[in-house]
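A quick write-up on the structure given underneath.
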Amino acid sequence: MGSTRLRYLRRVELPLDTIQLARYLIGKCIVHETRAGRLSGRIVETEAYPIGDPAAHSFRGQTPRNGSMFLARGHAYVYFIYGSSFMLNVSSERRGVGGGVLLRAFEPRDGIGVMERLRGTTRLIDLARGPGRLAEALGVDRELDGMDLCSSGPLRLARATEKGGRIGRSVRIGLTRAADRVLRFYERGSSFVSGPKALRG
DNA sequence: TTGGCGATTGGCT
DNA sequence: GCCAATCGCCAAT
């Protein structure tokens, strides 16, 4: 479990395109090495916020908040929203260009006991089903904003050991702008995916 | 300096 | 399924 040797993803392995990266990350693992041990999960749902997308925080240019979206692909962009939740994204373009992939749900792997404590529930299905829950279960907050996920830091991306299921595609969840764009990816049939039933099959 | 609003969640009906 | 809570950001004042 927590001692498993992981095959971390290198930056050159990440597709240099937001939408391709969003699809590529389905079935990969996100790993956080914490003082309490290794927390990890297999990503089953993502959303792309590509170049020129009016719904992307990077759309109106770089600001103090969204600076991490302009780092080379494979860096963490963490922000706080609705006064309650942190969101974990992976920057997705070349340095100086804004883009990101929101991690919306994962299937818990390592450190489930710690995740249960961080989330305040023992319901496995609810540990990381939804972007705010995912960040909370992983112990991710603003301190990790800007971290390189492709270097020897505490937060990394890794290859999963088993083969994933088929990948579905849908509109993104919770948006008002560009709400018709089909930029959400998920593992079909997974009960760890968030959103209404119609967007999980 | 201010106010409208958001890539959500949890609790209640 | 619906809705309030909550607060940082930023465009406009």
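Naming: A, B, ... by sequence-line order, numbering from 1 per chain.
Remark: A:R119 engages A:E136 in a side chain to side chain donor-acceptor pair (under 3.5 Å) (not counting sequence neighbours). Under the ring-ring contact (aromatic ring centres under 6.0 Å, His included) criterion, A:F70 pairs with no residue at all, not counting sequence neighbours.
Contacts with DNA chain B (heavy atom under 4.0 Å) in residues 118-128 of chain A: A:R119, listed by number. For DNA chain C, the residues of residues 77-90 of chain A within the heavy-atom distance limit of 4.0 Å (strictly under) are A:F80, A:Y82, A:G83, sorted by number.
Close approach of DNA chain B to chain A, defined as any atom under 4.0 Å from a non-hydrogen atom of the protein, starts and stops at B:dG6 to B:dG10. Taking 4.0 Å as the cutoff to heavy atoms of chain A, we find the contact window on DNA chain C bounded by C:dT6 to C:dC10.
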Under 3.5 Å, side-chain donor or acceptor atoms of residues 51-61 of chain A against the rest of the protein: list the pairs with distances, not counting sequence neighbours.
unit_1	atom_1	unit_2	atom_2	d
A:D53	OD1	A:A55	N	3.0
A:D53	OD1	A:R172	NH2	3.3
A:D53	OD2	A:R172	NH1	2.6
A:D53	OD2	A:R172	NH2	3.4
A:H57	ND1	A:Y77	OH	2.8

Side-chain atoms of residues 150-159 of chain A: list all donor-acceptor pairs with protein atoms under 3.5 Å, sequence neighbours left out, distances to 0.1 Å.
unit_1	atom_1	unit_2	atom_2	d
A:R156	NE	A:S151	O	2.8
A:R156	NH1	A:S151	O	3.0
A:R159	NH2	A:E13	OE2	3.4

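Between A:L21 and A:V90 there is a side-chain heavy-atom pair separated by less than 4.5 Å.
Applying the salt bridge (Lys or Arg N to Asp or Glu O under 4.0 Å) test to residues at least two apart or on different chains, the pairs with a partner in residues 85-108 of chain A are A:R42-A:E107, A:E45-A:R104, A:E47-A:R104, A:E107-A:R109. Applying the ring pair (Phe, Tyr, Trp, His ring centres under 6.0 Å) test to pairs two or more places apart or on separate chains, those with a residue in residues 84-141 of chain A are A:F80-A:F86.
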Applying the Watson-Crick and G-U criteria (both distances under 3.5 angstrom) with [ ] for crossing and | for other-strand pairs, one obtains for DNA chain B ||||||.|||||.
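Donor-acceptor pairing under 3.5 Å is recorded for the side chains of A:R184 and A:S170.
Cluster partners of A:L71: none. The rule joins Ile, Leu, Val, Met, Phe, Trp and Tyr whenever side-chain heavy atoms lie under 4.5 Å apart, and it links nothing here.
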